[in-house]
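In this text the structure is predicted, and so the values were computed from the model without any measurement. Numbered from 1 within each chain, the chains take letters A, B, ... in sequence-line order.
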Number of protein chains: 4
Amino acid sequence: MAAKPFAIIAGVGPGTGASVARKFAQAYSVVVLARNPENYDPLVSEINSSGGQALGLSADLSDSTSVKSAFDKISQQYKGSPLAAAVFNSGGGFVRKPFLELTEEEFGNGFKSQGIGAFNFAQHTLPLLQQATGLEHPPTLIFTGATASVRGSANFSAFATGKFALRALAQSLAREFGPKGIHISHVIIDGVIDIPRTKNWANEHEDGKLDPGAIADSYWHLHTQPRTTFGFELDLRPYVEKW
Amino acid sequence: MAAKPFAIIAGVGPGTGASVARKFAQAYSVVVLARNPENYDPLVSEINSSGGQALGLSADLSDSTSVKSAFDKISQQYKGSPLAAAVFNSGGGFVRKPFLELTEEEFGNGFKSQGIGAFNFAQHTLPLLQQATGLEHPPTLIFTGATASVRGSANFSAFATGKFALRALAQSLAREFGPKGIHISHVIIDGVIDIPRTKNWANEHEDGKLDPGAIADSYWHLHTQPRTTFGFELDLRPYVEKW
Amino acid sequence: MAAKPFAIIAGVGPGTGASVARKFAQAYSVVVLARNPENYDPLVSEINSSGGQALGLSADLSDSTSVKSAFDKISQQYKGSPLAAAVFNSGGGFVRKPFLELTEEEFGNGFKSQGIGAFNFAQHTLPLLQQATGLEHPPTLIFTGATASVRGSANFSAFATGKFALRALAQSLAREFGPKGIHISHVIIDGVIDIPRTKNWANEHEDGKLDPGAIADSYWHLHTQPRTTFGFELDLRPYVEKW
Amino acid sequence: MAAKPFAIIAGVGPGTGASVARKFAQAYSVVVLARNPENYDPLVSEINSSGGQALGLSADLSDSTSVKSAFDKISQQYKGSPLAAAVFNSGGGFVRKPFLELTEEEFGNGFKSQGIGAFNFAQHTLPLLQQATGLEHPPTLIFTGATASVRGSANFSAFATGKFALRALAQSLAREFGPKGIHISHVIIDGVIDIPRTKNWANEHEDGKLDPGAIADSYWHLHTQPRTTFGFELDLRPYVEKW
């Protein structure tokens, strides 16, 4: 019997990452990565206790040694299993400050998280995606963007440089790996996501925040597209969002 | 029993329009519009004979009298049924010519087809979408764009002006009707669609053309999104497409 | 002695058009076009009485017969003079209304003014620009855009479709006529222009409106660029503008 | 007598930077920065011997200590002089390679050069620009972009992430410092620049490369705009460039 395909979701907290993991766990074994095990432990338990298969690994994506160590474990654990999908969902590097108050480190953290983090993740997942055989859908690598991916707002230079860089990387990989049959996508999340941390954020509309489950449905839809019809970029926002 | 919701697909030929109609006919009764009944008759028969419900109506979307006449028939026929989705898929107005060889009529046909046609369609469908109740998914209006929606190429001024205008309309409507709960989307089809007419077009890759069925799946996915998480724009292209 | 080159500025009112005419009149004989002679008569007198040469012609750019008649007069008057620059600055087609209150005519006026108007203007000026010899700067055709050229806002569908279409035309012509040595540019005016009509518009900053003279300086700068270094698109806005 | 204003141009080699320095030296005293004195010594001599004033300083913009040291010297030397303009023109971080062959260092160099370099430059120049008084034109900070600022091509991920990040920074600063009267601009250089190193690059057109002098004229034009009419982004390319 062929080994069950697996998916890797990097950047798993209470929002998009966890919902994407739950969704992809309906079809695949999933590996979830986060710096802090607290961020994935409940999710891993939840998936494993409801008939799915999940493995949590601690990794700092901006640290190549840490990433290598995590992928060594993945290679051992999933030897013979094809990698069906990889999702980069890191939310790190956010800081909102007047430019002249930013330290070089704060400024650089946007790129460290979104640029170097995505670089390390892509360096390790693309070879696995290229080797994968026997998949129902084309192997897929999805990057999570934000409003700051297409707009450099005042006081957001650190995060926007990171998110612009991530979008550049996604375009570059789509043009290089698309013709090799790898589906690269970039999803722009334009609005506040409905998670515990944002529950009490003022919003005049009770349903004015993005639903992580619905975001996950879109990621899954992108993954299921045949290579004749690859979607590259999709922007998602609440119906009441100003844009 | 509540009346079955219906969908209206305008611009039905052998490609995207027909596939979208087939897809939406799995959930809804569908009305298909085209200038020439030859373009929808086989499709209507196919859907009706396979358990679905379809009605074909002849209409020239760029002619307000013709559109009004078609929607009068729709109102009679579907009285009491909620309109769940409307898709504008007109491909008209295409001409490829050096600018100085274009007649004013040829140039204007791009906008007549894509701008006025979409205006008439939106004027008639938006009130129905706003009235609809009891739907499973938010009422949806999707516009079909093309490479020329975001790029004015040499010799494509007529088509590009039409498609740029259509995108402007879609953005404008999304910002006005999104907050009213209507889902407005714009899909950029960037490549050749695999239909009988393009079968023999040179392509070094046998699967290098967009699959209308997969395009329809994306339209359906957009339609099913909850209003917390509306997708506005998605670009679709074959994996081997240069962009 | 070689004939003095001339420039044609279409859409001359109290703002950008008049300032561009004054600026270009420092080097060239200028023809100014407007529907209503009231819009150019004072300007023509001003230029002629201050050492320049100006001719005013009444023309409705969206009416090909009217445009042809104006260009017949231009051909007679400027026989033997090279056309150095042409500027399309029509502001017509503006209407701000909820979409469902727009008539087809109101909606279509955006394209009629910005699309057909620009088409007619380009059809008549491009052959003259291509024939021009002995010029100091490459022959130039500049189109005036607006915020609505890149953003379809709620209630602005008529104007935005026109301005998006104009931008598509400009791109298309730049790609076709650039390699022939014609400089095509598109300038996005993002803000309120400081003219008599807007004098009393609320603005918390006394210098928060665009200066038509400074806009004209940018048009002239674009015109003077050599063909090795053509600028295509420039966005101009007041320092306090939100964008 | 008021002290002569000065300008700082960072990233001076044989192309854009040197031409911008020559141009701005016609009005201002200029400081030119480059890592290697070989890159600015001939230029400094040329400007000083032809009636201008130039100072060359060695600095690695991506190294905050090196930048601080250079600006300490500038502060001493130009005490009392207002900073009229600053130009970031670093071309570093370029590498063209298949993604999987890139090292983390190579990938990160794009951001190190274009992101961190621009951060350090802006951190030191913005306070000086804000303090400047008695200037003829608004204080100005211009960033040099490239094709890769708006397009992530295959094999260009390192450079594109850097240039996308630089554009994000420029937007962010324009929105924060524009309202404070500082003019922030971003110029997209889309094509090969005509410098000694590219002299023998194949080009079917003898004038198919960008002229650094003409680029400098555009930078100067942007600098001279009043704050009512700030240009943010301008794209420059040879007339024969495909885009």
Side-chain angles (χ1 to χ4, degrees), chain A residues 16 19 137-140 150 171 174-194 203-243, chain B residues 16 19 137-140 150 171 174-194 203-243:
Chain A
T16 304
S19 291
H137 308 294
T140 302
V150 289
Q171 282 187 11
R175 290 188 169 104
E176 182 177 350
F177 291 90
K180 299 177 185 193
I182 313 287
H183 187 178
I184 312 282
S185 287
H186 180 251
V187 180
I188 297 173
I189 309 293
D190 183 23
V192 173
I193 301 178
D194 191 13
N203 195 311
E204 58 185 309
H205 304 272
E206 66 171 310
D207 58 354
K209 293 174 193 151
L210 288 142
D211 170 21
I215 296 174
D217 288 343
S218 287
Y219 281 48
W220 180 255
H221 170 67
L222 289 168
H223 173 53
T224 63
Q225 294 176 315
R227 70 184 196 174
T228 55
T229 312
F230 276 168
F232 173 65
E233 195 161 74
L234 174 64
D235 52 341
L236 299 175
R237 64 180 60 82
Y239 72 115
V240 289
E241 190 73 17
K242 296 267 180 288
W243 58 291
Chain B
T16 304
S19 291
H137 309 294
T140 303
V150 288
Q171 283 189 11
R175 291 189 170 102
E176 182 177 351
F177 290 91
K180 300 178 185 193
I182 313 287
H183 187 177
I184 311 282
S185 288
H186 180 252
V187 180
I188 297 173
I189 309 291
D190 183 23
V192 173
I193 302 178
D194 190 14
N203 194 311
E204 57 185 309
H205 304 271
E206 65 171 312
D207 59 353
K209 293 175 193 152
L210 287 141
D211 170 21
I215 296 174
D217 288 343
S218 287
Y219 281 48
W220 180 255
H221 170 67
L222 290 168
H223 173 53
T224 62
Q225 293 176 316
R227 69 185 197 172
T228 55
T229 313
F230 275 168
F232 173 65
E233 195 160 76
L234 174 65
D235 52 341
L236 300 175
R237 65 178 61 80
Y239 73 115
V240 288
E241 191 73 16
K242 296 266 180 287
W243 59 291

Chain B contact via L222(A) - side chain, backbone, both or neither, heavy atoms under 4.5 Å: side chain
Tabulate, in ascending numerical order, the residues of residues 177-185 of chain A having at least one heavy atom closer than 4.5 Å to a heavy atom of chain B, or enter 'none'. G178(A), P179(A), G181(A)
Below 4.5 Å from any heavy atom of chain A, which atoms of Q225(B) appear? Answer side chain, backbone, both or neither. side chain
Among I215(B), T224(B), D211(B), V240(B), residue most engaged with chain A (heavy-atom pairs, under 4.5 Å): D211(B)
To the nearest 0.5 Å, what is the distance between CD1 on I188(B) and NE2 on H186(B)? 5.5 Å
Flag side-chain contact, heavy atom, 4.5 Å: E241(A) against F230(B): no
Contact summary for T140(B) and P138(B), nearest pair of heavy atoms: OG1-O, 2.7 Å
Working to the nearest 0.5 Å, report the span between CH2 of W220(A) and NE2 of H137(A). 5.0 Å
Quick one: pull up OH in Y219(B) and CG in L236(B) and give me the separation to the nearest 0.5 Å. 7.5 Å
Might you point out which heavy atoms bring G213(B) and S19(B) nearest each other, and give the distance in Å? N-OG, 3.7 Å
Under a 4.5 Å heavy-atom cutoff, which of D194(B), L234(B), D217(B), I189(B) has the most pairs with chain A? L234(B)
If we ignore hydrogens and angles and just use 3.5 Å, is the side chain of D190(B) paired with the main-chain N or O of R237(B) as donor and acceptor? no
Heaviest contributor of heavy-atom pairs below 4.5 Å to chain A, chosen from I193(B), T229(B), D207(B), is T229(B)
Measure up the H221(B) and H221(A) rings against each other and bin them: parallel (under 30°), tilted (30 to 60°), perpendicular (over 60°). parallel
